Amino acid sequence: MADLRCDIAGVKSPNPFWLASAPPTDKEYNVVRAFKAGWGGVVWKTLGEDPPIVNVSSRYGAMSYNGTRMAGFNNIELITDRPLEVNLREIKQVKRDWPDRAMVISLMVPCEEENWRAILARVEDTGADAVELNFGCPHGMSERGMGSAVGQVPEYIEMVTRWCKAHTRMPVFVKLTPNVTSVLGPARAAKAGGADAVSLINTINSIMSVDLDVMAPTPVVGGKGTHGGYCGPAVKPIAMHMVAEIARDPDCAGLPISGIGGIANWRDAAEFMTLGAGSVQVCTAAMHKGFKIVDDMIDGLGYWMDEKGYRSLDDFRAAAIPNVTDWQYLDMNYEIVAKIDQDLCIKCGLCHIACEDTSHQAIAAGKAEGARRYEVIDAECVGCNLCMHVCPVEGCITMVEVENGKGYMNWKEDPRNPLSRKAAE
Amino acid sequence: MGNQPDIRAGRLPDSAYAENFGDVHPPLDRKAALVEASRCYFCYDAPCIEACPTGIDIPSFIRKISTDNVRGAAQDILEENILGGACARVCPTEVLCQQACVRTAQEGKPVQIGLLQRYATDAVMDSAVHPFTRAAPSGKRVAVVGAGPAGLACAHRLALRGHDVVILEARPKPGGLNEYGIAAYKVPDSFAQREVGFLLAIGGIEIRNGQALGRDFTLDDLRRDYDAVFLGMGLGGVRALGLEGEEMEGIYNAVDFIAELRQAADLKALAVGREVVVIGGGNTAIDIAVQSKRLGAEDVTLVYRRGPETMSATHHEQAFAQTDSVKIKHWAQPHSLAGEDGRLTAVTFEYTRLEGGRLVGTGETFTLPADMLFKAIGQTMGPPNLLRANGGSEGLEMAGERIAVDATRRSSLPDVWAGGDCIGISEDLTVAAVQDGKLAAEAIDAWLGGGAT
Ligand SMILES: Cc1cc2nc3c(=O)[nH]c(=O)nc-3n(C[C@H](O)[C@H](O)[C@H](O)COP(=O)(O)OP(=O)(O)OC[C@H]3O[C@@H](n4cnc5c(N)ncnc54)[C@H](O)[C@@H]3O)c2cc1C
Ligand SMILES: Cc1cc2nc3c(=O)[nH]c(=O)nc-3n(C[C@H](O)[C@H](O)[C@H](O)COP(=O)(O)O)c2cc1C
Ligand code: SF4
Ligand code: SF4
Ligand code: SF4
């Protein structure tokens, strides 16, 4: 089978599947169970200074969609609530017992050089492989001037990263917050500060739901709620976009990425990796189904690589990046139309009503021999794909390329573009 | 034959009766309802709506269930079908809405529309509010004959439109076959009476039980005393086998025995034979066969003169009976009855086959020992042309054995409408009766001048 060994910023692990800094990596007990289950590495639940923080009770909110539990998940938890000494002792022990696994320690202390220097020295003593600076936590810690309060200000990121690089020989990962207008500022700042890698995304500011009886956001804590961090399958598209932006940014060239956000299976992981991720981190999926999910991630990725002829992760890392482009470079002459397979069609009419009410009136509703019949009017179809997405029958509507004999032409070259016309004048 | 007829009560342990006659399809809880509702695609021009005789907006009510808008869901159902609760329990959905469901075509597993309909209607029936308000009084009075599904649906719609309604019902209780005919396990826990109570809560409807057309009053009386009349008497008579010895003890009309079963205070006290034979191929035949079995009969054999595909009981119903160990024998017709001391002991059948499209006996016979024989070979309007024979109006035209009506369910008399089993323009189903009653009420309302609004 394909070689799944992973090396990111000098941190090695038998596979690229790590558990993200969160409850699954809270203590020795969990981490040992995770390693037994096969996880390649962990980012230990974020350490802070003593006295440890205190958590509230009722900590999680979730969004179920159409019977799918936890399509989105959110939390108002803070960093570790255990004494630093205990965590460090356990980290040291686990690293000694599991030397081949990646042991990355997530950190968050007040924004003073001395505080960072002090904790780094103690972490280094555990034999851990790397540290991850948690500039992401969007709730609670940010009110205290840490977490995303730092991660939203590129200058702070650069400054703290530089301190850390100065005070440790361990590789430094910087964990980025998605709660910014562009992730490139923070990513470039991390690079400028000397970061060995970035991890993203941390959770997204969110209110999961409002309890209409209590009149408060969930999770409700004694009648009140607060915004929390959103994660789980629903955030994967947002996370992948941010990963791709960094991967294709010339200023960030060569900056390794640990991808996080909604990863639940090997396919999710493969997608992140084709967009440039070196390792991937998982939290919600493990919290939902337990550590055993890594089984499928390992052999699923391996079989897929075998099938595609990839021998190592490097063979396909960032392979999709050359095809991630800006809108203006898309081919204006590429044309597709919807095609309905009448044998598969079950006559639900969803394609018709979607196109009729909200798209281009390109699917006619008719009757043939007493039965409903839905047919695409090729001349009206703009190839938007909506009908294909709404059709509940797999493979029933396909988008077929129209051979129009026209070659590639992007928007900059398009005569319909007012700017290109102006340039030509 | 020599064997003494064995008909007795209490064949089963006490606890078995509650189990055998309890809810055949337990209701969905909220979680299950949400999962099932999420399977509905919310089709455009949904085929299921077309397949519902009352035209309930199925995608709409299911979507409302999925958003916990159960009130709205029930409203959608009840607006088209005020007996939506009964229909959720008794409709042969496998040949109606669920057969048409696109998921049947897709994967052979339709959305469980019936169970979802029950989920929504139960919630509203259990709450104290009646979901409809009457229009301003029209000052018109309409007589409805028969408090079955057709009569009740008609009465409710008329009341809604502001008319006052008097229902004249021959039996001691309203509900029609919901109360006296439907299999007990489909409508347990006095459902029929609860539903009648729910329906009457709209106001403006008076039910007079024990009042039979032809016995206590005539159609002419009604036409004189009311502004309009709706006839929903169902089918009072039953067909006979026409065999010698048909009056022997042990031979029953299935519908009579079912009525007795439905009214029994204690099923344990209801006597049933050890060997039971049922003749017929419809719902009634299936129902009597299954219920005899569930009362403790040892062997129940249902004999039908043609093949399985022509039975009016659906495939689903036949399979259901077979799961209850009812033996179904096709292609045989009753030939003769044997008895001792005026009591049935055996039934002899002759095999049949089709010859040039006609059913003929083959001459070969077989005999089944029988303590009880149930006849379920169809119902009729009762004494031929009951209405005329009992001094009703001249000029009420019949179509075969049933009352002739037009598309609006109006009879040949300008002020008389009819619906349900007594017209028979569609299949004899509860839901079809409800639709007839509803259509007739709208036509009556239009004729009476659209109420006072
Ligand atoms: C055993 C059996 C099982 C069935 N199972 C199902 C089933 O599972 N699903 C389904 O959809 N359908 C079923 N049906 C059919 C369904 O019950 C009928 O189609 C439906 O009840 C017809 O409604 P209706 O109002 O026309 O008649 P009915 O329900 O028969 O009601 C007629 C009412 O009129 C009264 N009446 C009769 N004569 C007079 C008179 N002269 N004066 C005053 N009142 C009178 C009767 O007492 C009765 O209350 C079944 C029928 C039978 C017999
Ligand atoms: C309950 C909970 C607690 C978390 N705590 C931390 C934390 O202490 N430090 C940190 O860097 N990220 C924390 N995270 C964020 C996760 O590490 C991860 O970035 C995020 O959940 C996205 O990944 P996912 O979609 O796989 O869950 C937490 C997430 C959850 C759900
Ligand atoms: S692709 Fe878009 S425009 Fe074309 S038929 Fe489908 S929905 Fe309509
Ligand atoms: S959405 Fe798909 S299944 Fe439904 S009518 Fe259109 S083509 Fe047929
Ligand atoms: S046909 Fe089936 S899926 Fe479509 S609306 Fe009706 S119940 Fe829903």
Side-chain angles (χ1 to χ4, degrees), chain A residues 62-72 209-214 218 233 338 340-377 386-397, chain B residues 28-52 55-73 93-113 115-116 119-120 127:
Chain A
M63 187 175 83
S64 299
Y65 192 74
N66 259 1
T68 301
R69 308 288 296 170
M70 283 169 63
S209 64
V210 174
D211 185 321
L212 291 176
D213 297 320
V214 183
T218 63
I340 296 175
D341 182 336
Q342 295 294 345
D343 293 335
L344 289 178
C345 173
I346 59 170
K347 325 293 178 206
C348 70
L350 289 176
C351 55
H352 164 76
I353 201 62
C355 191
E356 190 71 14
D357 280 354
T358 71
S359 195
H360 288 76
Q361 298 75 46
I363 297 183
K367 293 247 163 138
E369 289 152 29
R372 291 162 177 75
R373 191 176 169 94
Y374 295 97
E375 269 180 291
V376 178
I377 308 162
L386 177 62
C387 54
M388 181 186 90
H389 291 301
V390 301
C391 178
V393 182
E394 185 85 27
C396 176
I397 299 186
Chain B
L28 299 175
D29 60 16
R30 175 172 173 275
K31 170 111 198 295
L34 291 181
V35 170
E36 194 54 29
S38 76
R39 296 185 61 235
C40 172
Y41 293 136
F42 197 66
C43 295
Y44 165 78
D45 186 17
C48 55
I49 303 181
E50 197 172 73
C52 169
I56 293 171
D57 189 341
I58 293 164
S60 174
F61 97 70
I62 295 182
R63 186 169 177 83
K64 291 178 185 183
I65 288 178
S66 75
T67 67
D68 272 333
N69 177 10
V70 184
R71 271 269 343 241
T93 52
E94 65 278 9
V95 295
L96 300 172
C97 54
Q98 291 183 192
Q99 181 178 55
C101 174
V102 300
R103 278 205 181 258
T104 302
Q106 185 180 21
E107 56 186 8
K109 286 196 218 95
V111 174
Q112 298 295 307
I113 301 167
L115 282 171
L116 288 169
Y119 174 77
S127 78

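In what follows, chains carry the letters A, B, and so on, assigned in the order in which the sequence lines appear, proteins first and then strands, with residues in each chain numbered from 1. From a predicted model like this one, the values you see are computed outputs, not experimental measurements.
Remark: the backbone N or O of E356(A) is paired with a side-chain donor or acceptor of Q361(A) at under 3.5 angstrom. The backbone N or O of C355(A) sits nowhere less than 3.5 Å from a side-chain atom of T358(A) that would complete a donor-acceptor pair.
Minimum heavy-atom separation, S209(A) to T218(A): OG-OG1, 2.6 Å.
Taking the six-membered ring where tryptophan is involved, the planes of Y374(A) and Y44(B) are perpendicular, since the angle between them exceeds 60° and thus also 30°.
Using non-hydrogen atoms only and a strict 4.5 Å limit, the part of residues 95-106 of chain B facing chain A consists of V102(B), A105(B), Q106(B).
Looking at heavy atoms from C-beta onward, R39(B) lies in side-chain contact with E107(B) at the 4.5 angstrom threshold. At a threshold of 4.5 Å between non-hydrogen side-chain atoms, the residues K367(A) and R373(A) do not count as touching. Considering only heavy atoms from C-beta on, S66(B) stays 4.5 Å or farther from S38(B) through its side chain.
Counting heavy-atom pairs under 4.5 Å between each of C348(A), A354(A), G349(A) and chain B puts C348(A) at the top.
For E36(B), no part lies near chain A; criterion is any non-hydrogen pair under 4.5 Å. Residue Y65(A): no heavy atom, backbone or side chain, is found under 4.5 Å from chain B.
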